[in-house]
Protein chains: 2
Amino acid sequence: MSADERQGLGADQLAAYYTLMEVGSLLEQAVAQHLREDGDLSPVQAQILAVLGDTSEDGLRMTDIADRIVYSRSGFSYQAGKLEQRGLITRAPAADDERSTLLSLTAEGRDLLRRVRPGHVELVRMLVFEAMPDADVQALRNVLEPVRDRLRQDPPRSARAQARRNTRD
Amino acid sequence: MSADERQGLGADQLAAYYTLMEVGSLLEQAVAQHLREDGDLSPVQAQILAVLGDTSEDGLRMTDIADRIVYSRSGFSYQAGKLEQRGLITRAPAADDERSTLLSLTAEGRDLLRRVRPGHVELVRMLVFEAMPDADVQALRNVLEPVRDRLRQDPPRSARAQARRNTRD
DNA sequence: TATTGTTATACTCTATAACTATA
DNA sequence: TATAGTTATAGAGTATAACAATA
């Protein structure tokens with residue numbers, strides 16, 4: 001937090017971390033505002049629709065989607081209920097395993113996705129990529145994709161126990 | 001959202017955008033969990049404490065802090081109230097302008113900051129920087145700092161009107 | 001017994017607008 | 001009149017745990 005004492009991170013790393021977090025949060029806010037105003041969608045609802053729109057399957061199980069979106073199961077049910085109420089998705093028990101629920105886009109859901117996407121893409125282009133050279137786009141991917149893979153697999157469990165030992169000032 | 005039709009973004013840009021968002025959100029979740037478990041702090045509360053801990057001033061006005069943290073004023077009052085209840089900060093009217101409220105860290109607030117920081121830094125080091133070459137740290141800063149500056153100044157107002165014209169499929 | 005998902009409940013956070021007080 | 005901040009109120013989202021149904 002304060003910059004006057006550092007153990008594990010140098011000044012450059014700390015600056016990179018702050019910048020990364022600030023960009024992530026400002027960008028998420030801007031995108032969330034757009035999705036809400038343009039499609040009355042919360043970020044999670046938009047993610048669910050996007051995942052359903054990107055698959056070629058007939059439907060996806062809740063658990064399969066939850067694997068791609070970090071989220072509690074109850075919160076997921078709540079959001080899926082919202083989307084179903086609005087007629088954007090359907091919920092149906094899976095044929096092979098009746099415990100599972102298959103989510104599918106309705107025609108209206110697909111329409112909404114098509115209606116919102118251009119503005120979403122244009123917003124991101126303006127905010128992030130308008131002045132970014134192609135080489136920087138590549139650099140961003142090269143640097144962040146390994147971090148993403150690490151974060152995906154790493155439930156941040158062990159960190160605290162290990163870090164606490166450094167807490168003795 | 002779906003990748004089969006793109007107007008303003010190439011595949012690389014889209015991939016970079018998705019990766020950036022996912023890293024931001026996974027990292028924020030991990031950090032938020034740590035701050036909650038280790039210091040019972042919400043992300044915003046932690047940010048307020050961090051800003052207060054990083055300044056050399058006697059206290060900061062609400063508005064000065066809000067400038068560094070995107071947040072509504074009422075939400076800010078709510079969070080400041082929480083921190084004051086816990087004895088981590090004090091609120092006092094400013095001497096020169098009695099409309100303003102000066103926030104200051106108490107000794108307990110400073111202690112909490114010192115107690116939580118090592119684990120926070122260590123978590124970020126493990127999740128982000130352990131396997132990242134110094135050159136990549138530089139690259140990340142070079143690419144993202146201009147984006148951050150753009151996002152800071154850019155209230156995402158005009159995007160929708162401009163983007164809607166592309167919506168005619 | 002374990003897994004998938006839903007629901008009840010309580011809580012936190014956020015947004016809007018009305019309000020107080022100072023400038 | 002404009003600005004700084006608070007508060008009332010209402011709503012959205014989230015987490016936990018208890019629950020039902022299926023494997």
Side-chain angles (χ1 to χ4, degrees), chain A residues 25-26 28-37 39-49 52 59-86 88-104 155, chain B residues 25-26 28-37 39-49 52 59-86 89-104 155-156:
Chain A
S25 115
L26 289 174
E28 202 215 302
Q29 281 191 320
V31 166
Q33 180 183 341
H34 168 253
L35 292 170
R36 184 163 31 80
E37 291 177 357
D40 194 23
L41 293 170
S42 74
V44 185
Q45 289 168 10
Q47 268 190 294
I48 295 175
L49 292 185
L52 290 175
L60 291 177
R61 294 164 59 228
M62 302 273 288
T63 302
D64 294 336
I65 303 176
D67 283 348
R68 312 191 198 183
I69 303 173
V70 188
Y71 216 58
S72 74
R73 284 182 306 169
S74 71
F76 213 134
S77 277
Y78 172 81
Q79 298 288 355
K82 291 273 190 183
L83 291 172
E84 189 184 34
Q85 277 174 26
R86 285 179 61 186
L88 301 174
I89 67 170
T90 57
R91 285 194 279 194
D96 57 327
D97 182 345
E98 299 217 328
R99 292 173 304 182
S100 299
T101 299
L102 283 182
L103 303 191
S104 308
Chain B
S25 115
L26 289 174
E28 202 215 302
Q29 282 192 320
V31 167
Q33 180 182 342
H34 168 252
L35 291 170
R36 185 164 30 81
E37 292 178 356
D40 193 23
L41 294 170
S42 76
V44 186
Q45 288 167 11
Q47 268 190 294
I48 295 175
L49 292 186
L52 290 175
L60 290 177
R61 293 164 61 229
M62 303 274 287
T63 301
D64 294 336
I65 302 176
D67 284 347
R68 313 192 196 183
I69 303 174
V70 187
Y71 217 58
S72 74
R73 284 182 306 167
S74 71
F76 212 133
S77 278
Y78 172 80
Q79 298 289 354
K82 291 274 191 184
L83 290 173
E84 189 183 34
Q85 277 173 26
R86 285 180 61 188
I89 67 169
T90 56
R91 285 195 277 195
D96 56 327
D97 181 344
E98 298 219 328
R99 294 173 304 180
S100 300
T101 300
L102 282 182
L103 303 191
S104 306

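Residue numbers begin at 1 in each chain, while the letters A, B, ... track the order of the sequences.
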Counting the atoms with a prime plus P, OP1 and OP2 as sugar-phosphate, which does A:Phe76 contact under 4.0 Å by heavy atoms, base, sugar-phosphate, or nothing?
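Contact class for A:Phe76: none.
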Base, sugar-phosphate alone, or nothing: which one does A:Arg91 contact when heavy atoms must sit under 4.0 Å apart?
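Sugar-phosphate: the residue A:Arg91, judged by heavy atoms under 4.0 Å, touches backbone atoms but no base.
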[X] [atom1] to [N] [atom2], straight-line distance once rounded to whole Å:
{"X": "B:Arg73", "N": "C:dT20", "atom1": "CZ", "atom2": "P", "answer": "16 Å"}
{"X": "A:Lys82", "N": "C:dT6", "atom1": "NZ", "atom2": "C1'", "answer": "16 Å"}
{"X": "B:Gln33", "N": "C:dT12", "atom1": "CD", "atom2": "C1'", "answer": "17 Å"}
{"X": "B:Leu103", "N": "D:dG5", "atom1": "CG", "atom2": "P", "answer": "8 Å"}
{"X": "A:Gln79", "N": "D:dG11", "atom1": "CD", "atom2": "P", "answer": "17 Å"}
{"X": "B:Ile48", "N": "C:dC13", "atom1": "CD1", "atom2": "P", "answer": "11 Å"}
{"X": "B:Ile65", "N": "D:dA4", "atom1": "CD1", "atom2": "C1'", "answer": "13 Å"}
{"X": "B:Leu83", "N": "D:dT6", "atom1": "CG", "atom2": "P", "answer": "12 Å"}

With distance as the sole criterion, is a donor-acceptor pair present between the side chains of B:Thr101 and B:Arg91 under 3.5 Å?
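Not at all, the side chains of B:Thr101 and B:Arg91 share no donor-acceptor pair under 3.5 Å.
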On DNA chain D, compare the nucleotides closest to B:Ala80 and A:Gln45; which residue's is nearer the 5' end?
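Comparing both residues, the 5'-ward one is B:Ala80.
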Does A:Arg99 contact C:dG5 through a side-chain donor or acceptor facing the base, at a distance under 3.5 Å?
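No, no donor-acceptor pair under 3.5 Å.
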When you measure only distances, ignoring hydrogens and angles, does the side chain of B:Ser74 come within 3.5 Å of the base of C:dT16 through a donor and an acceptor?
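Per atom types, the contact qualifies.
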Smallest separation among heavy atoms of B:Ser104 and B:Gly59, with atom names:
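Between these two residues, the closest heavy atoms are OG-CA, 3.6 Å.
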Pair B:Gln33, B:Glu37 - check side chain to side chain donor-acceptor pair (under 3.5 Å), show working.
CA-CA 6 Å; B:Gln33 180 182 342; B:Glu37 292 178 356; 3.1 Å; yes
A:Arg36 vs A:Leu41 side-chain heavy atoms within contact, under 4.5 Å:
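No; the side chains remain at least 4.5 Å from each other.
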Would you indicate whether the side-chain heavy atoms of B:Ser42 and B:Gln79 approach each other to under 4.5 Å?
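B:Gln79 reaches B:Ser42 side chain to side chain.
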Closest approach to the side chain of [X], judged atom by atom: which nucleotide of [options] is it?
{"X": "A:Thr63", "options": "C:dT4, C:dA15, C:dC13", "result": "C:dT4"}
{"X": "A:Ser77", "options": "D:dT22, C:dT6, C:dC13", "result": "C:dT6"}
{"X": "B:Tyr78", "options": "C:dC13, C:dT6, D:dG13", "result": "C:dC13"}
{"X": "B:Ser100", "options": "D:dA23, D:dG13, D:dA4", "result": "D:dA4"}

Is the shortest side-chain N/O distance from A:Arg61 to OP1 or OP2 of C:dT4 below 4.0 Å?
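Result: yes.
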Which residue lies more 5' along DNA chain C, comparing A:Thr101 with A:Arg36 via nearest heavy atoms
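Nearer the 5' end of the strand: A:Thr101.
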